[in-house]
Amino acid sequence: MIKIVAAHIEEVRGIRKLDIRLDQATFAISGPNGSGKSGVIDAIEFALTGQIGRLTGPGTKDLSVSEHGPHVDKRKFPDAAFVRLEVYFPSLKKAASITRKVSTPKKSTITPKDPDIKAAFDEIASHPEITLSRREILRLILVEPTKRSDEIQTILKLDAIGQTRGALNTAHNRLQMALKAAEGQASSSRDTLARHLSVGEFRPEEILASVNARRKTLNLPEIAKLAADTRLDQGLSEPVKGAEFNKQSVLKDLAALSDAVSEFPAAGRPAADAILAAILRLDSDPSILNALYHRALVERGLDLVDSPLCPLCDHPWADEEHLRAHLTAKLAKSEEAAALQTTMLSSAGDLSRECAKLRELLVAGYRVAVAQNYAPLRSAIEGWGRELEALRADLEKMESIIGLQPRLTSGWAAVPKDFAEVLASFVAIVESKPDQTATLDAQTFLSAAQLRLDDYREAMRRKQRAETSSQAAKVTYDAYCSVLEAELDALYQDVQEDFSTFYRLINEGDEERFTAKLSPTAGKLDFSVNFYERGLFPPAAFHSEGHQDGMGVCLYLALMKRLSGAKFTLALLDDVVMSVDSGHRYQFCKLLKTHFPDTQFVITTHDRLWAEQMRSAGLVTSKSSLSFHRMDGGDWTARRVQRGSMGRYRSSPREKQSPGCGGNIAPALGIRGAPLGG
């Protein structure tokens, strides 16, 4: 991919001015805390990616590259902060340079402007994982399985698969809800037809028996088989006047509506109670409600992110990735709210289907009221129907569901006052009408039966389409998850084998039979390691902090090997072995030299002994080492290290810099200060 030849840094993080020649070699930078060594890592990362990793992610809400990337004395002048790198691309066999200013982190100046060099830099910019700090180690080792899965998939550039799986799952859930609604509509249409036909069981034989009895009255041929295109009114010479009014059928519909007025509130009670219980849980803990509201808002915000400008509050961020990381972290805090949301929406769906059943009965009553020009019932049904449709709409969204608490407490159906009396009056009017002749009864019966059969067939077609869509979504989701888990199993098998090999090497003579297991399941990644052949346990269960640091580095290296292969030519390791003892650090040098001979590592440490060990192990040389030292007066100087831990580059007289900001650095190295940070 890339190797660094030289770096020029001005006014970035804790560095005032610094020139380093790395000459494509592994390079070590040592110095006390606050001397600026991590600033070198930040500057290189910034030049290549436009980002500074320590200013992004959880816990960095108020941090940004534009505000906190410049040296503290230049924070109001970000244009003065910039980094220039001279690099070499082994695969292209070309040298190039890149310059990036903190004031415009998304823009860079590249020389030469060859398309292949531009493409190579673009590829590197998409790899912020070239930097590893102890924070990243903790995010790989000491996290819950779901977050570990996200972190590792991000490193491996597999984060899109989680997004795809989530999208497929969301589509499946929505299509399942649509299927349930279609099933409810088909059931209501079937009940309406069955009630009209007076059949005990909805079977073709009973349907035809009821229909053929009327056809016989009209001297029409019987229907022998009920097919998909069969018309129950086939043979009627012309539409019957008032065909929608069949007295006996109307009375059955009105009786069903009357029963529903008293029965439906109880039918929907379980769903309403479940919603009320969830609302009470939200009332008892306002933080859940806040997380719930924020979740919907943040999810919407994530969908709208297309620049560093927050679509929710117009606050400018350092970059789009920083903004996305912030919003994603907020989502992670609302898992309980998400579970409660799922429960409430499921119960709301059940109640919505009860509304649909009631609406079907109201439609049947409304048709008769209109045909008979009975205004009181027509008006009552119109008003109630509008309220039920509004209720169904409210049951689709969390915010409006919470607002339904008063209605659900008093009775979800909200039967209009005096509705039962108005309905009873209309029933009396219908009953008082003269009975229809057998011929007219048969004619209106067949006409009404055909209308209801048409409604039922259309409802069944919608249900079939919904079933097909839901099944296709499920098959797609299951197939995706199956293939995904198989591929991830194979991928993680390779990673865990490399990880175990690397870890055994740095613990040679201590854990020679060490093994590890990465187990991906349903968006999670369980990670367990062998503890001296006593079984597999989470890394934090029994292993020391030093062992955990070693595991983090080994896992990172295994992941980078899997991700980049021969292109893994650069890694920035910022104080990543701070808890590893000196004996194991020699083995760490051996690991890097043996398994990654073509990778340039830039390694920082606050431990002078570790810096000397890297030199004595041959990982770096005196020419590829830099040491930051505090001088008299509290200022800092940087010197190349000669053979031996105390050897120093002879520097010319110091240049005074701002006191307390790390000032005095040897101009022979072009270094002018490394105050504050890293």
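Hydrogens, waters and symmetry mates play no part in the numbers below; they use all other heavy atoms, side chains included.
- Counting all heavy atoms, side chain and backbone alike, K593 lies closest to A617 at NZ-O, 2.8 Å.
- Below 30°, between 30° and 60°, or above 60°: for H543 and Y503 the angle between ring planes is above 60°, a perpendicular geometry.
- When all heavy atoms of L22 and A7 are compared, the closest pair comes out as CD1-N, 4.2 Å.
- Under a 4.0 Å N-O distance rule, the pair E11/R16 qualifies as a salt bridge.
- Side-chain contact check for I110 versus I117: some heavy-atom pair is nearer than 4.5 Å.
- Salt bridge annotation for D79-K101: present, with a cationic side-chain nitrogen under 4.0 angstrom from a carboxylate oxygen.
- The backbone N or O of K561 sits nowhere less than 3.5 Å from a side-chain atom of S564 that would complete a donor-acceptor pair.
- Applying the ring-ring contact (aromatic ring centres under 6.0 Å, His included) test to pairs two or more places apart or on separate chains, those with a residue in residues 564-587 are F568-F596.
- No side-chain heavy atom of F588 sits under 4.5 Å from any side-chain heavy atom of C554.
- Side-chain atoms of H606 and K37, non-hydrogen and from C-beta on, do get closer than 4.5 Å to each other.
- If you check the side chains of T621 and S624, you find a donor sitting under 3.5 Å from an acceptor.
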Working note: I20 + L626, criterion side chain to side chain contact (heavy atoms under 4.5 Å, CB included); need CA distance, chi angles, decisive distance, verdict. CA-CA 9 Å; I20 309 178; L626 189 66; 4.0 Å; yes
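- Looking only at atom types and distance, the side chain of D574 has a donor-acceptor partner in the side chain of T604 under 3.5 Å away.
- Smallest separation of non-hydrogen atoms from V12 and I9: CB-CG2, 3.8 Å.
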Determine whether L18 and H8 satisfy the following criterion, side chain to side chain contact (heavy atoms under 4.5 Å, CB included), listing intermediate values before the conclusion. CA-CA 6 Å; L18 172 63; H8 175 79; over 6 Å; no
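- In this model, no donor atom of one side chain and acceptor atom of the other lie less than 3.5 Å apart for Q24 and Q600.
- The shortest distance between side-chain heavy atoms of M560 and L557 does not fall below 4.5 Å.
- The CZ atom of F82 sits 7.5 Å away from the OG1 atom of T99 when rounded to the nearest 0.5 Å.
- Closest non-hydrogen pair, K3 versus T569, comes out as CG-O, 3.8 Å.
- Salt bridge annotation for D122-K118: present, with a cationic side-chain nitrogen under 4.0 angstrom from a carboxylate oxygen.
- In terms of modelled atom types and a separation under 3.5 Å, the side chain of T605 and the main chain of D607 share a donor-acceptor contact.
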Start with the C-alpha distance between Q548 and S544, add both sets of side-chain angles, then the distance that settles side chain to side chain contact (heavy atoms under 4.5 Å, CB included), and finish with yes or no. CA-CA 6 Å; Q548 292 168 23; S544 68; over 6 Å; no
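- Between F121 and F89, a ring centre-to-centre spacing shorter than 6.0 Å is recorded.
- In this structure, the side chain of R513 does not engage the main chain of R504 through any donor-acceptor pair within 3.5 Å.
- Atoms CG and CZ, from L555 and F502 in turn, are 10.5 Å apart once rounded to the nearest 0.5 Å.
- A 4.5 Å side-chain heavy-atom check between L85 and L48 finds at least one atom pair inside the cut-off.
- One N or O on the side chain of R100 and one on the backbone of F46 form a donor-acceptor pair closer than 3.5 Å.
- To the nearest 0.5 angstrom, E45 atom CD is 13.0 Å from I124 atom CD1.
- Listed for the R75 side chain is a donor-acceptor partner under 3.5 Å among the backbone atoms of V72.
- Here the OG atom belonging to S91 is positioned 10.0 Å from the NZ atom belonging to K94, to the nearest 0.5 angstrom.
- The distance from atom CZ of F537 to atom CZ of F542, rounded to the nearest 0.5 Å, is 5.0 Å.
- The pair E10-K74 does not meet the salt-bridge criterion, since no charged nitrogen lies less than 4.0 angstrom from a carboxylate oxygen.
- Across every non-hydrogen atom of S625 and V620, the tightest pair is OG-CG2, 3.5 Å.
- Nearest heavy-atom pair, L505 versus Q587, reported as atom, atom and distance to 0.1 Å: O-NE2, 2.9 Å.
- Interatomic distance, I52 CD1 to S38 OG, rounded to the nearest 0.5 Å: 11.5 Å.
- I4 has its side chain within reach of L570: a pair of non-hydrogen atoms, C-beta onward, lies under 4.5 Å apart.
- Proximity of I506 to V553: side-chain heavy atoms (C-beta onward) are nowhere separated by under 4.5 Å.
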Quick one: do D42 and I15 satisfy side chain to side chain contact (heavy atoms under 4.5 Å, CB included)? Show the steps, please. CA-CA 10 Å; D42 293 341; I15 299 175; over 6 Å; no
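- For Y532, the OH atom counts as densely surrounded, since its 6.0 Å shell holds more than 12 non-hydrogen atoms of other residues, nucleotides or ligands.
- V576 places a side-chain heavy atom less than 4.5 Å from the side chain of L573.
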